[in-house]
Amino acid sequence: MDKKKVVYSGIQPTGCLTLGNYIGAVSNWLTMQDEYDCLFSIADLHALTVRQVPADFRKTALRFFAQYLAMGLDPKKSILYFQSHVPQHAELTWILNCFTYVGEASRMTQFKDKSQKHLDNVNMGLMDYPVLMAADILLYQSDLVPVGGDQKQHLELTRDIAMRFNNLYSPTFVVPEAYIPKQGAKICSLADPTAKMSKSDPDANATISIIDSPEEIINKIKRAVTDSEPHVAYSEDKPGISNLLTIFSAVTGRGIDSLADEYRDKGYAAFKSAVGEAVVEKLRPVRAEFERLSADKDYLMSVAREGAERAQRIAYKTLAKVYRKVGLVER
Ligand code: AQP
């Protein structure tokens, strides 16, 4: 039997996981769990590239882990763990740093954007972010990496580093490919439907957290920015309504056209209320499971420990191979 392909992905534990993360990333991970050998991490080391308040950060990371499980990521199918629990990520990063040029790293769009945003803290980690990401991916000999638009450039750099290393020594790393999901909807901000819904958006009304209460969800969708024209339709000049149709379709599994036909002349209020109800129903079990899991920290930590052990076994093999190839004396 063919070996299953390896898939790697992770999300930084900052802010609140949003409906955008759920629809755009995690819902695809859920289907990938059955077809591939998947590793999904909480990318906590990456999140340290911007200042975090330690006590809040720890809580947020644990909440994200519980939310991974609540959304349906299954430790029996996938390896779920905290990046910081597997020391090989940091160790391989050091080696890969020595095979990455400063020019390459400083050209990354995210580095330039984040440097502008955090002028008081342009730290080395910010520039090294993509090298840590390369280590995440290459440690597990990942074949496929589901990436959103903003991470494509980082994946290209990962491929360059892997090929550079393979050519200098001998084939060591699988050169990963981007995984473009069959269906991948981009969800936009409820406050500015021309921008992405983003988990670090400081405006709570712009995003729907996957654990918002039903009332919060209904109210946020009621207040979502739309135009004043009365017809429900999917079109470029109606970004707010189009975004709500995309959300409606993603949470019900119904086609956008059929939803637009059904609600065309019913008015925005009725449409928004139907979208709100549909989102509430989709997220109801996630919120309930999140609350159940949050009360059982021992269970969460046991899943995290087991995930880290499984990840370390794989990571150790790759790292030992890399150390040998670059000529370090064996321990
Ligand atoms: N709005 C979205 N629609 C569809 N997919 C989305 N993703 C994120 N937002 C949407 C997908 O979720 C995964 C994690 O992406 P991310 O960590 O870049 O999430 P974010 O919400 O965009 O985070 P921020 O606001 O940029 O916060 P920081 O910088 O703190 O992490 C990806 O697969 C992405 O495509």
Side-chain angles (χ1 to χ4, degrees), residues 7-32 38-53 56-57 60-61 63-65 67-68 71 73 83 108-118 121 123 125-126 129-130 132-133 136-137 142 144-155 158 176 178-204 206-212 220 224 239-240 242-251 279 282:
V7 170
Y8 186 90
S9 202
I11 300 183
Q12 295 190 78
T14 49
C16 286
L17 279 172
T18 69
L19 190 62
N21 300 126
Y22 187 25
I23 293 172
V26 179
S27 63
N28 290 312
W29 297 359
L30 296 179
T31 54
M32 297 176 98
C38 299
L39 297 108
F40 299 116
S41 77
I42 301 289
D44 48 4
L45 295 177
H46 273 115
L48 288 177
T49 54
V50 298
R51 287 275 177 272
Q52 306 292 343
V53 177
D56 296 346
F57 182 45
T60 303
R63 285 162 68 85
F64 267 53
F65 196 70
Q67 287 169 32
Y68 269 19
M71 285 185 284
L73 293 177
Q83 185 187 31
M108 294 291 117
T109 309
Q110 182 183 288
F111 170 62
K112 291 194 239 169
D113 289 351
K114 290 214 167 168
S115 305
Q116 281 303 314
K117 236 165 110 182
H118 303 278
N121 184 21
N123 60 66
L126 215 48
Y129 182 109
L132 177 58
M133 178 170 154
D136 295 346
I137 296 165
S142 311
L144 298 171
V145 183
V147 277
D150 49 354
Q151 293 297 334
K152 275 197 191 131
Q153 201 185 24
H154 288 170
L155 185 63
T158 300
Y179 174 88
I180 312 292
K182 284 180 202 105
Q183 41 182 350
K186 180 180 161 200
I187 306 303
C188 292
S189 154
L190 300 180
D192 172 7
T194 59
K196 195 182 82 156
M197 184 182 285
S198 171
K199 67 176 154 46
S200 58
D201 195 322
D203 177 0
T207 65
I208 293 175
S209 149
I210 60 162
I211 50 161
D212 273 346
K220 285 179 185 183
S242 299
N243 187 38
L244 293 181
L245 276 167
T246 304
I247 292 174
F248 204 0
S249 163
V251 298
V279 174
K282 179 75 179 174

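Atoms within a ligand are numbered from 1 in the order they appear, just like the ligands themselves.
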Peer 1: Distance to 0.1 Å, residue and atom name: give those for the protein heavy atom nearest to atom 35 (O) of ligand 1.
Peer 2: G148 CA, 3.3 Å

Peer 1: Is any N or O atom of K186, backbone or side chain, closer than 3.5 Å to an N or O atom of ligand 1?
Peer 2: no

Peer 1: Got Q52 and T14 here, is their nearest side-chain heavy-atom distance under 4.5 Å?
Peer 2: yes

Peer 1: So which heavy atom in the protein is nearest atom 25 (O) of ligand 1, and how far is it from that ligand atom?
Peer 2: S198 OG, 2.2 Å

Peer 1: Can you tell which of I247, N21, D150, I187 gets a heavy atom nearest to atom 15 (O) of ligand 1?
Peer 2: N21

Peer 1: Consider every N or O of A25 and every N or O of ligand 1, then say whether any pair is closer than 3.5 Å.
Peer 2: no

Peer 1: Within the 4.5 Å heavy-atom criterion, are C16 and I211 side-chain neighbours or not?
Peer 2: no

Peer 1: What do we get for T18 next to ligand 1 when only non-hydrogen atoms under 4.0 Å count, side chain, backbone, both or neither?
Peer 2: neither

Peer 1: Would a 4.5 Å heavy-atom cut-off, applied to side chains only, mark I11 and F64 as touching?
Peer 2: yes

Peer 1: Among all protein heavy atoms in this structure, tell me which lies nearest to atom 27 (O) of ligand 1, with the distance rounded to 0.1 Å.
Peer 2: S200 OG, 3.2 Å

Peer 1: One residue to check: A185. Relative to ligand 1, which of side chain, backbone, both or neither has a non-hydrogen atom less than 4.0 Å away?
Peer 2: backbone

Peer 1: Going by the order shown, which atoms of ligand 1 are within less than 4.0 Å of some heavy atom of G24?
Peer 2: 4 (C), 5 (N)

Peer 1: Looking only at side chains, do Q110 and D150 share a donor and an acceptor under 3.5 Å apart?
Peer 2: no

Peer 1: Can you tell me how far the CG atom of D44 sits from the OG1 atom of T60, to the nearest 0.5 Å?
Peer 2: 11.5 Å

Peer 1: Would N21 and T18 count as having a side-chain donor-acceptor pair, cut-off 3.5 Å?
Peer 2: yes

Peer 1: Any chance you could lay out the side chain to side chain donor-acceptor pair (under 3.5 Å) test for T207 and K199, step after step, and finish with the verdict?
Peer 2: CA-CA 7 Å; T207 65; K199 67 176 154 46; over 6 Å; no

Peer 1: Is any side-chain heavy atom of W29 closer than 4.5 Å to one of P146?
Peer 2: yes

Peer 1: Determine whether Y129 and M108 make a side-chain contact, defined as any pair of heavy atoms from C-beta on separated by less than 4.5 Å.
Peer 2: no

Peer 1: Going by heavy atoms, is H46 under 4.0 Å from ligand 1?
Peer 2: no

Peer 1: In the protein, what heavy atom is nearest to atom 6 (C) of ligand 1, and what distance, to one decimal place, separates them?
Peer 2: G20 O, 3.4 Å

Peer 1: With heavy atoms of T14 as the reference, note each atom of ligand 1 found under 4.0 Å away.
Peer 2: 28 (P), 30 (O), 31 (O)

Peer 1: Please work out which of K199, K196, K114, M197 has its closest non-hydrogen atom nearest to atom 29 (O) of ligand 1.
Peer 2: K114

Peer 1: Does ligand 1 come near enough to D201 that some N or O of the ligand is less than 3.5 Å from an N or O of the residue?
Peer 2: no

